[in-house]
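Note on naming: letters A, B, ... go to the chains in the order of the sequence lines (proteins, then strands), and numbering restarts at 1 for each one.
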Number of protein chains: 2
Amino acid sequence: MPDTRPSPYFVLFNEIGIIHQLSRTLLEERLPDGLLSSHFGVLNHLVRVGEGTTPLAIARAFQVPKTTMTHTLGGCVKHGLIEMRPNPDDARSKCIWLTSKGREIRESMVAQAATGFEGFAEHFSEERIETLLPVLTEMRQFLDKARDAT
Amino acid sequence: MPDTRPSPYFVLFNEIGIIHQLSRTLLEERLPDGLLSSHFGVLNHLVRVGEGTTPLAIARAFQVPKTTMTHTLGGCVKHGLIEMRPNPDDARSKCIWLTSKGREIRESMVAQAATGFEGFAEHFSEERIETLLPVLTEMRQFLDKARDAT
DNA sequence: CCTCATTAGTACGATATCGCACTAAATATA
DNA sequence: TATATTTAGTGCGATATCGTACTAATGAGG
């Protein structure tokens with residue numbers, strides 16, 4: 001009788017996949033019109049890490065192929081959330097900046113999402129999350145390196 | 001100066017999203033030809049939970065829309081991994097069964113993936129994962145309920 | 001029985017994702 | 001400096017995802 005009970009690693013990645021799916025859906029339900037969680041992710045990233053980074057850097061941050069990020073950024077531009085300027089240091093490259101509209105939208109999206117996660121925050125205290133984060137971050141970094149090693 | 005440092009909840013879902021992305025890519029790199037992680041997920045689900053369930057039940061398990069699951073199951077059928085039989089209890093419904101090929105492929109996929117996660121398993125012991133899982137499962141269940149409450 | 005509402009699955013269309021191939025610029029090497 | 005290699009971003013095509021609307025079967029209430 002082969003392994004009917006899979007290793008905890010499969011369970012882990014399975015749970016993570018489902019949580020991702022659920023949180024994404026939950027978020028997108030509360031976003032205005034055509035905005036997706038990927039757009040939200042980009043806006044958040046720009047605020048957190050700082051504006052003026054390149055598309056490739058953002059793609060790496062989210063670990064998605066660069067063509068995917070090209071598409072996502074195109075969506076953000078179309079929505080008027082970001083602006084793509086030439087990179088003064090490298091003519092092949094671009095620099096991404098938030099527009100004031102992008103900044104506003106992001107603010108309201110964070111607020112929206114916060115209310116959406118209210119119930120969640122009641123059940124899972126910040127402290128509990130904070131104890132969880134280091135492990136997840138470590139995993140992310142490890143997988144990240146493993147990917148480079150290909 | 002508005003919240004440049006986002007709540008840990010955003011960080012949490014961000015990390016989970018990236019880990020999902022990384023693990024999925026890592027897995028799919030090691031799968032044969034046209035097989036996707038979603039197919040792998042279905043096969044695993046059938047082995048773990050038991051065969052003979054319905055498409056809708058599987059869709060709910062992965063928290064994806066049923067039309068998505070229709071498509072995924074179609075792919076599995078096309079690859080000869082599963083078989084869709086009529087549901088004797090409900091003529092609208094179907095029952096999903098693994099083919100022997102599906103069982104074989106799943107076995108070898110598990111083996112493949114296991115070697116892929118070798119390095120990961122070295123850094124993150126089973127014990128460590130086991131302590132992590134209850135929280136994640138609780139989160140999944142909570143978000144699950146929150147979704148139903150819509 | 002006979003509506004009427006609900007439910008399982010699907011067809012279809014829109015769009016997101018992503019591999020591959022390409023261009024242009026930068027960098028390394030001779 | 002001239003040439004080769006690497007790198008940033010994009011166009012294109014294939015396919016995955018998913019919302020909407022539909023069909024057929026079930027179940028509920030008369």
Exercise for the section: Give the rounded distance in Å between these two atoms: CD of B/E28 and C1' of D/dT17. Expected result: 13 Å
Exercise for the section: Can you tell me the distance, in whole Å, between the CD1 atom of A/I96 and the C1' atom of D/dA8? Expected result: 12 Å
Practice task
State whether A/Q21 places a side-chain N or O below 4.0 Å from either non-bridging phosphate oxygen (OP1 or OP2) of D/dC18.
Solution key: yes
Exercise for the section: Let me see the working for B/T137 and A/E15 under side chain to side chain donor-acceptor pair (under 3.5 Å), right down to the final yes or no. Expected result: CA-CA 7 Å; B/T137 303; A/E15 292 285 12; 3.1 Å; yes
Handout entry: Side-chain heavy atoms of B/M109 within contact of B/N44, under 4.5 Å
Key = no
Handout entry: Joint hydrophobic cluster, A/V135 plus B/L22, side-chain heavy atoms closer than 4.5 Å
Key = yes
Fill in the blank from the handout: Hits for side chain to side chain contact (heavy atoms under 4.5 Å, CB included) against A/L56, two or more places apart or cross-chain, chain-then-number order -> A/T54, A/R60, A/K66
Completion exercise
Separation of C/dC18 atom C1' from B/L27 atom CG, nearest Å, is 16 Å
Practice task
Any chance you could measure A/S23, atom OG, to A/E28, atom CD, to the nearest 0.5 Å?
Solution key: 9.5 Å
Tell me which donor-acceptor pairs under 3.5 Å the side chains of residues 117-127 of chain B have, and how far apart each pair is, sequence neighbours excluded?
from   : atom 1 : to     : atom 2 : distance (Å)
B/S125 : OG     : B/E127 : OE1    : 3.3
B/S125 : OG     : B/R128 : N      : 3.2

Exercise for the section: Specify the separation, in whole Å, of atom CG of A/D89 and atom C1' of D/dG9. Expected result: 16 Å
Exercise for the section: Summarise how protein sits on nucleotides 2-14 of chain C as a single string, 5' to 3': B when a protein heavy atom is under 4.0 Å from the base, S for sugar-phosphate-only contact, - for no contact. Expected result: -----BBBBB---
Exercise for the section: Please check if the side chain of B/E51 supplies one atom and the backbone of B/L46 the other of a donor-acceptor pair under 3.5 Å. Expected result: no
What pairs of nitrogen or oxygen atoms, one from the protein and one from nucleotides 14-16 of chain D, lie under 3.5 Å apart?
from   : atom 1 : to    : atom 2 : distance (Å)
D/dA16 : OP2    : B/H71 : NE2    : 3.0

Completion exercise
In whole angstroms, the gap separating C1' of C/dT17 from NE2 of A/H20 amounts to 12 Å
Practice task
Verify the ring-centre separation between A/F13 and B/H20: is it less than 6.0 angstrom?
Solution key: no
Problem - Side chain proximity check, A/L43 to A/H39, heavy atoms < 4.5 angstrom - result: no
Handout entry: B/L132 and A/M139, any side-chain heavy atoms less than 4.5 Å apart
Key = yes
Handout entry: Of all pairs that satisfy salt bridge (Lys or Arg N to Asp or Glu O under 4.0 Å), the ones with a partner from residues 88-98 of chain B, not counting sequence neighbours
Key = B/D90-B/R92
Completion exercise
Between its two end axes (five pairs each) the helix from C/dC1-D/dG30 to C/dA30-D/dT1 turns, nearest 10 degrees, through 30°
